[in-house]
Number of protein chains: 2
Amino acid sequence: MSRQQIVAGAADMIRRRGLNATSIREVAKHAGTPLGSTYHYFPGGKDQLATEAVRWAGDAVSGVLTAKLRKGPVDGMKAFFTLWREVVSENDFQAGCPVVAVSVEETSGREALAAAAEAFTTWSGQLAESLRAHGVTPGRADRLAALVVAAAEGAVAMCRAQRSLQPLDDVATELTALLASAVRT
Amino acid sequence: MSRQQIVAGAADMIRRRGLNATSIREVAKHAGTPLGSTYHYFPGGKDQLATEAVRWAGDAVSGVLTAKLRKGPVDGMKAFFTLWREVVSENDFQAGCPVVAVSVEETSGREALAAAAEAFTTWSGQLAESLRAHGVTPGRADRLAALVVAAAEGAVAMCRAQRSLQPLDDVATELTALLASAVRT
DNA sequence: GTCTATACGAAGATAGAC
DNA sequence: GTCTATCTTCGTATAGAC
C-alpha cells in the first residue's frame, strides 16, 4: 500500500534534489512511514529504491509517449516537451528529470544507472519507431529520436539553472520544424 | 599556487560524481593539501568552491568555442561535440559535464547555480553570435544555439547511462546537417 | 599563514523490542 | 510484520597548535 507511495515520493525528491541529496530518512518521513519500513520493503537499500523510482518515472513518461504518438511522431514529440515544461514550471524551476539526475551522479550500486539507461532507450525507441512508421529511414529515425530526447533533457537542466523556460521553448520550436520536414520527405 | 589545483580537482570530481558526492575532504586529499587549507582559500565553503569550479570549467569550454568558431558556426559546433565526446570516452563513461551536475542537484547556497546558468548562457551566446554573423536571423540563431547546447548536454548524460557514444554521435550528425543548411539559407 | 585535531550533525544500514 | 533505537562512517566547518 505505502510501497507505491514511497517509490513515488523518492522519484519526486530525486528529480528535485538529485540522488545523493535524497536520503532514505526523508523519503520515509515524506511517506509517513518509519525508517525501518523502507528497508523492509526495499531490502536492497538505497540502490533498490532509486532503481524503482527511476523505473516508475520512466514508465510514466513512456505511457504518455505511447498515448500521444498515436497521432504521429510530431505530436508525440510535442507532448514530450509539454510534459517537461510542466514539470519545470509547476515546480518553480526546482524540479527536473530524475533519470538525468541518476545518470549524472555517482551511486554505490549500479542498478539504478541501468534503469536510467533503459528509460532513455525506451523513450527514444518509441519515438524512432513512430518516425519509421511515418516514412523516415531507420538510421535517421534513430538519430532524430536520440536528438529529441537529448535536447529535451539538456534543455530541462538549462531551464533550471537559468530560471527560464526559454531553452525548452526554443528547442521545441526547432525540433518541431525539423521533425515535420523529416516525416514529409 | 595550489588554489588552482584545488579548483581544477573539484571540477573533475564534480563532473564524475556529481556535486553532493564531492566532499571537500576528498578534494583536499586529491590536491595533496590538508583540509584546513581548503577553508583558508575558500572561506565561503563548499558553495564558493563549487562556484569557482563551475566557472573554471565554463571558461575552459568557452575558450575552445572562441577558437573554433573562427572557422564558422558549424566547425564550432563540431568542436563542442568533439570536446564532450572526449570527456566521456576518455573517462570510460564515468565523467560528464560539471555544469549539468550542479544544475540538477540541490545545493545549500545558490551561487554555484548562478555560475552554471552563466556558463550555459555564455556557450549558447557564442554560438548564436557566430550563426548571426553567417546570415542566420537573430531569433533562429538563438534557438539553434540553445538546441546545440541542450542536445550536447543531454547526450552526454545519455551516453553515461548507456555506456555508449551513440547518442552523442547521432545528435552531432543531425545537428551538423541542420546548422549547415541554416547558414546556407 | 599552515595544518592538526575535533565538534557536531546526518547519512546508510541493522538489531531487536513490540 | 512494524517500528524504535543504535552502530558506524562520513559530511561540513572551525578552533587553536605550530
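The sequence lines fix the lettering, A, B, ..., with proteins before strands; numbering per chain opens at 1. Only this structure's heavy atoms are used, side chains among them; waters, hydrogens and symmetry mates stay out.
Taking atom NZ on B:Lys29 and atom P on D:dG11, their separation rounds to 8 Å, with Å as the unit. Atom CZ of A:Phe42 and atom P of C:dT14 are 16 Å apart (whole Å). Regarding A:His40, its NE2 atom lies at a distance of 17 Å from the P atom of C:dA13, rounded to whole Å.
Residues passing the side chain to side chain donor-acceptor pair (under 3.5 Å) test with A:Arg163, sequence neighbours excluded: A:Asp92. Under the rule for a side chain to side chain donor-acceptor pair (under 3.5 Å), the partners of A:Glu174 that lie at least two apart in sequence or sit in another chain are B:Arg140, B:Arg143.
Nearest to the side-chain atoms of B:Pro34 among the listed nucleotides C:dT4, C:dT2, C:dA11 stands C:dT4.
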Are any protein N/O atoms closer than 3.5 Å to N/O atoms in nucleotides 13-17 of chain D? If there are, list each pair with its distance.
from   : atom 1 : to      : atom 2 : distance (Å)
D:dA13 : OP2    : B:Tyr39 : OH     : 3.2
D:dA13 : OP2    : B:Lys46 : N      : 3.2

Pair up each side-chain donor or acceptor in residues 112-124 of chain B with any protein partner under 3.5 Å, not counting sequence neighbours, and list the distances.
from     : atom 1 : to       : atom 2 : distance (Å)
B:Thr121 : OG1    : A:Gln162 : NE2    : 3.2
B:Thr121 : OG1    : B:Ala117 : O      : 2.9
B:Thr122 : OG1    : B:Glu118 : O      : 2.8
B:Trp123 : NE1    : B:Gly58  : O      : 3.1
B:Ser124 : OG     : B:Phe120 : O      : 2.9
B:Ser124 : OG     : B:Thr121 : O      : 3.4

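For the contact set between residues 13-23 of chain B and DNA chain D, defined by any heavy atom under 4.0 Å, the members are B:Thr22, B:Ser23.
The salt bridge (Lys or Arg N to Asp or Glu O under 4.0 Å) pairs that include a residue from residues 120-130 of chain A number zero, where partners must be two or more places apart or lie in different chains. The salt bridge (Lys or Arg N to Asp or Glu O under 4.0 Å) analysis of residues 175-185 of chain A, with sequence neighbours excluded, yields no pairs. Applying the salt bridge (Lys or Arg N to Asp or Glu O under 4.0 Å) test to every pair with at least one member in residues 71-82 of chain B, sequence neighbours left out, gives no pairs at all. Applying the salt bridge (Lys or Arg N to Asp or Glu O under 4.0 Å) rule to pairs touching residues 41-67 of chain A yields A:Arg3-A:Glu52, sequence neighbours excluded.
A:Ser37 has no side-chain polar atom (N or O) that falls below the 4.0 Å cut-off from OP1 or OP2 of D:dT2.
Here the side chain of B:Thr38 pairs a donor or acceptor atom with the backbone of B:Leu35 at under 3.5 angstrom.
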